[in-house]
Amino acid sequence: MAVDQLDNDPSDDVKLLPGDFAIWIFIFAELLVFGMAFISYAIARSLNVDMFNQYQLTLNHEFGAINTLLLLTSSYFVVLAVKAIRVDDVKKCKQWLITSLGCGSAFLILKSVEYADKFAEGISLSTNTFYMFYLSLTLFHVFHVILGMIILGAIVFKAQRGAYSAANHTGVETGASYWHMVDLVWIILFPLVYIIR
Amino acid sequence: MIKVAQKQLNVHQLWLLIMFLTLTTYALGKLGFSGVWVMLILLSTAAIKATIIMRDFMELRGVSKLWQWMMYGWLGFVCLAISISYFVS
């Protein structure tokens with residue numbers, strides 16, 4: 001009983017991480033991997049600034065910016081989905097998640113068009129160091145977007161079957177936390193690869 | 001600045017703010033600005049957006065100090081390392 005009282009001490013005032021704790025270990029591990037990749041890009045660029053600046057101009061900045069807006073908006077919709085389930089509004093939660101999936105789909109379509117253009121020009125991982133980083137960094141991120149969309153899709157499916165409520169929504173928070181991580185990584189990736197010169 | 005934003009802005013306003021910061025980043029790139037100071041502005045803009053995502057969207061505000069240090073520490077370390085590599089290039 002004494003232990004219970006200590007655990008629930010309101011003066012403690014420390015919130016628990018939203019969602020399943022395991023996802024936060026996974027999120028931090030992913031951030032470390034992306035962080036090392038970003039630093040590797042910056043170091044490689046410092047060794048060949050002219051080449052990186054030259055080929056950076058060949059990227060589609062409009063698509064990069066629109067994709068950033070799409071991911072930020074999808075994250076915002078996921079926040080609204082979490083707020084909805086916390087007040088037991090399952091229908092709105094599903095609607096916001098489906099809208100967020102729409103943004104994710106639009107991101108993937110734009111990225112596919114971008115890659116198709118580059119591949120049509122004969123560009124590949126072995127073209128030069130800049131394209132090696134551009135393709136591997138963005139493709140690695142795309143895989144995370146796809147995984148995030150699968151997770152959000154599974155949450156919508158489970159919500160449809162009545163698995164979540166105001167009292168039980170850890171799954172929604174877990175998926176939301178992962179999706180925000182995907183957004184967070186792109187927030188650094190976009191200026192680093194597309195803009196900063 | 002972020003503390004002020006936290007107190008005054010709700011999640012809808014924060015979303016508008018990060019959208020505006022993204023358009024600013026795009027505009028700076030489109031206008032062809034370059035150099036160390038522009039790099040610092042762009043990286044700071046990205047760091048502000050990332051902080052808003054972590055604090056308000058991922059709900060890190062109020063969680064244990066260890067997790068806050070780990071997450072914000074990651075952001076700070078990555079931005080610092082990128083800045084140093086641009087300074088020495």
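Each chain gets a letter, A, B and so on, in the order its sequence line appears, and its residues count up from 1. Since we're looking at a predicted model, the values are computed, not measured.
When the candidates B:Met54, B:Met39, B:Glu59 are compared by the number of heavy-atom contacts under 4.5 Å with chain A, B:Glu59 comes out ahead. When each of B:Phe87, B:Phe33, B:Tyr86 is scored by its heavy-atom pairs under 4.5 Å with chain A, the top score falls to B:Tyr86. With chain A as partner, the option from B:Ser34, B:Gly62, B:Gly35, B:Gly29 having the largest number of non-hydrogen pairs under 4.5 angstrom is B:Gly62. Here A:Ala42 is the residue among A:Ala42, A:Gly19, A:Gly64, A:Ser177 with the most heavy-atom pairs under 4.5 Å with chain B.
For A:Ala176, no part lies under 4.5 angstrom from a heavy atom of chain B. Both the backbone and the side chain of A:Trp24 have a heavy atom closer than 4.5 Å to some heavy atom of chain B. Using a 4.5 Å cut-off between heavy atoms, A:Tyr76 touches chain B through backbone and side chain atoms alike. Using a 4.5 Å cut-off between heavy atoms, A:Leu32 touches chain B through backbone and side chain atoms alike.
If you take CE on B:Met71 and CG on A:Leu184, they are separated by 6.0 Å, rounding to the nearest 0.5 Å. To the nearest 0.5 angstrom, B:Leu80 atom CG is 9.0 Å from A:Ile39 atom CD1. Here the CG atom belonging to B:Leu21 is positioned 12.0 Å from the OG1 atom belonging to A:Thr68, to the nearest 0.5 angstrom.
Residues satisfying the side chain to side chain contact (heavy atoms under 4.5 Å, CB included) test with A:Glu62, not counting sequence neighbours, are A:Asn60, B:Tyr26, B:Lys30.
Contact annotation for residues 189-197 of chain A against chain B (heavy-atom separation below 4.5 Å, listed by residue number): A:Phe190, A:Pro191, A:Leu192, A:Ile195, A:Ile196, A:Arg197.
Checked by atom type and distance alone, the side chain of B:Trp74 pairs as donor or acceptor with a backbone atom of A:Leu31 at under 3.5 Å.
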